[in-house]
Amino acid sequence: MNFKINLSEDEYSGDKIAAHIARCAQLSMVLEVSSSPKPGNIDRNHNYNDTDYEHFLASAVSVYPVIEDASKSGSGIGKLIKRAVSESISWQKGGNTHFGAFILQIPLTMAAGNIIRNNPQFSLSGLINCAHELVRNTDTQDAVNFYESFSFAGVRVNDVNEFDLQDKSSINSLYEQNVTLYNLMDIAKSYDLIADEWTTGFKRCSRCADTIIQGMQNPDNKINDIIVYTFLKTLSENRDTFIETKFDKETAEYVSSRASEILSGLDEQKFDFKSILPVIQDFDNELLDKNINPGSTADIIIAGLFIALLGGIRF
């Protein structure tokens with residue numbers, strides 16, 4: 001799949017490219033949180049007790065300068081993630097909103113900048129391969145910056161084997177053992193969906209982008225409906241590790257199986273989204289009542305939306 005950045009020759013400069021990439025990143029975060037109903041997650045119609053829809057909007061707006069800088073960078077992923085988290089929490093009081101999304105978006109925006117500066121025409125595979133190469137080349141300082149992000153992000157995580165993510169002394173161990181950020185993701189990949197994206201080459205992000213792009217080729221389809229459909233499709237195909245961390249494996253498997261059951265009632269050729277909307281709303285209410293939120297799936301949707309927007313989808 002080939003893309004071309006829609007910039008005039010006069011606009012095709014480093015700053016304009018960075019601004020274009022940053023807007024795609026921001027819009028992906030805004031569209032994801034605004035789409036409704038996304039079972040279990042915050043959207044324009046649902047808040048949590050301590051986190052609101054507006055907190056996500058503030059976070060999406062706040063990270064613009066970090067995304068711009070990322071699109072001009074070829075290294076420093078850990079520092080950029082740390083900066084994004086810092087900006088996000090300094091503009092809202094709802095806690096962690098986009099931590100997982102930043103882990104995916106930062107290398108993707110870096111890859112986009114590196115590629116587009118050389119040629120406005122690029123392929124999906126080229127973007128993904130560049131992002132994968134960037135994460136493989138992370139170093140120990142990236143790992144340290146990533147660890148330091150947890151001190152103020154308030155993120156629910158599993159520890160990475162001997163490296164306690166809440167223990168500052170683990171930083172010394174990272175230096176002593178020369179552990180890179182990619183090494184940490186490789187250790188965590190079996191129980192963390194976002195880490196697995198790093199090590200497998202952003203395959204789910206790529207599939208999400210493809211689903212969104214294909215869905216939006218029909219002018220009758222609404223972006224909201226395509227995002228909710230892509231969310232359910234991704235959830236049905238992957239056990240959400242945020243749910244697994246917060247609850248257990250059985251709960252995560254149940255949620256994925258319910259998403260699959262719901263989609264089985266959709267005629268994908270006709271894409272009569274309204275026909276399954278009542279069932280989706282019931283599923284949404286069930287997960288909200290149980291405080292079950294597929295956060296990892298939402299992060300992957302944001303990354304897929306970013307790629308699709310960068311590829312030129314409009315609505």
Taking the six-membered ring for Trp, are F102 and H98 parallel (under 30°), tilted (30 to 60°) or perpendicular (over 60°)? tilted

With no hydrogens and no angle check, is any side-chain donor or acceptor of S34 less than 3.5 Å from a backbone partner on L31? no

Please examine the side chains of T51 and F56, heavy atoms only from C-beta on, and report whether any two atoms are closer than 4.5 Å. yes

Starting from I307, can I reach I213 by hopping between I/L/V/M/F/W/Y residues whose side chains sit under 4.5 Å apart? yes

Pairing of R204 and E237 as salt bridge, 4.0 angstrom limit: no

When you measure from the side chain of R83 to the backbone of G78, do you find a donor-acceptor pair of N or O atoms at a distance under 3.5 Å? no

Is there a donor-acceptor pair under 3.5 Å between the side chain of E244 and the backbone N or O of F247? no

If you look at every heavy atom in C208 and I300, which pair is closest and at what distance? SG-CG2, 3.7 Å

d(D69 CG, L80 CG) to nearest 0.5 Å is 7.0 Å

Are M185 and T138 close enough, and set up right, to give a side chain to side chain contact (heavy atoms under 4.5 Å, CB included), and what steps lead you there? CA-CA 11 Å; M185 297 296 179; T138 55; over 6 Å; no

Check whether the side chains of N178 and T140 place a donor and an acceptor atom closer than 3.5 Å, and report yes or no. yes

How far apart are the closest heavy atoms of V228 and S35, and which atoms are they? CG2-CB, 4.3 Å

Is there side-chain contact between T211 and Q214, with at least one heavy-atom pair below 4.5 Å? no

Stepwise side chain to side chain contact (heavy atoms under 4.5 Å, CB included) test for V144 and L181: CA-CA 8 Å; V144 170; L181 183 48; over 6 Å; no

Is there side-chain contact between K79 and F146, with heavy atoms separated by less than 4.5 Å? no

Considering only NZ, NE, NH1 and NH2 on the basic side and carboxylate oxygens on the acidic side, decide whether R207 and D210 come within less than 4.0 Å. no

If I compare all heavy atoms of I243 with all of N293, which pair ends up nearest, and what's the gap? CG1-O, 3.6 Å

Side-chain donor or acceptor of H55 paired with backbone N/O of D52 under 3.5 Å: yes

Taking the side chain as every heavy atom from C-beta outward, state whether N224 and R44 have any atom pair closer than 4.5 Å. yes

Go through it in stages, so that I can follow the logic: the residues are S296 and D299, the test is side chain to side chain donor-acceptor pair (under 3.5 Å), and I'd like the CA-CA distance, side-chain angles, deciding distance and then a yes or no. CA-CA 5 Å; S296 297; D299 295 331; 5.1 Å; no

Is there side-chain contact between R136 and T180, with heavy atoms separated by less than 4.5 Å? no

Test D186 against K189 for side chain to side chain contact (heavy atoms under 4.5 Å, CB included), laying out the working first. CA-CA 5 Å; D186 193 47; K189 65 183 180 183; 3.1 Å; yes

For N218 and D220, indicate whether the former's side chain and the latter's backbone hold a donor-acceptor pair under 3.5 Å. yes

When you compare the side chains of T97 and S88, does any donor N or O come within less than 3.5 Å of an acceptor on the partner? yes

With hydrophobic residues grouped by side-chain heavy-atom distances under 4.5 Å, do V255 and L266 end up in a single group? yes

Side-chain donor or acceptor of T109 paired with backbone N/O of Q105 under 3.5 Å: yes

Is the shortest distance from a Lys or Arg side-chain nitrogen in K274 or D225 to a carboxylate oxygen in the other one below 4.0 Å? no

Side-chain (S28) to main-chain (A303) donor-acceptor, under 3.5 angstrom: no

Separation of L104 CG from C205 SG (nearest 0.5 Å): 4.5 Å

Nearest heavy-atom approach of L232 to P39 is CD2-CG, 3.9 Å

Does the side chain of K38 come within less than 4.5 Å of T297's, by heavy atoms? no

When you compare the side chain of I226 with that of F315, does any pair of heavy atoms fall below 4.5 Å? no

Can you tell me if S264 uses its side chain to pair, donor with acceptor, with the backbone of E261 under 3.5 Å? yes

Parallel, tilted or perpendicular for Y182 and H132, by the 30°/60° rule? tilted

Please tell me whether V30 and V61 are part of a single hydrophobic cluster in this structure, the criterion being side-chain heavy atoms less than 4.5 Å apart. no

Evaluate the side-chain proximity of L235 to D240: yes if any heavy-atom separation is below 4.5 Å, no if none is. yes

Report yes or no: does S86 contribute a side-chain atom to a donor-acceptor pair with the main-chain N or O of K82 at less than 3.5 Å? no

Between N41 and P294 (side chain of the first, backbone of the second, donor and acceptor by atom type, cut-off under 3.5 Å), is there such a pair? yes

Non-hydrogen atoms of P107 and I77 that approach each other most closely: CB-CD1, 4.1 Å

Between K203 and I128, is a side chain to side chain contact (heavy atoms under 4.5 Å, CB included) present by the stated rule, with each step listed? CA-CA 8 Å; K203 62 181 182 181; I128 295 300; over 6 Å; no

Hydrophobic cluster membership, with links at side-chain heavy-atom distances under 4.5 Å among I/L/V/M/F/W/Y: are F306 and I106 in one? yes

R314 and L309 have their tightest heavy-atom pair at NH1-O, 3.2 Å

Treating Ile, Leu, Val, Met, Phe, Trp and Tyr as nodes and any side-chain heavy-atom pair under 4.5 angstrom as an edge, say whether L287 and Y53 lie in one connected cluster. no

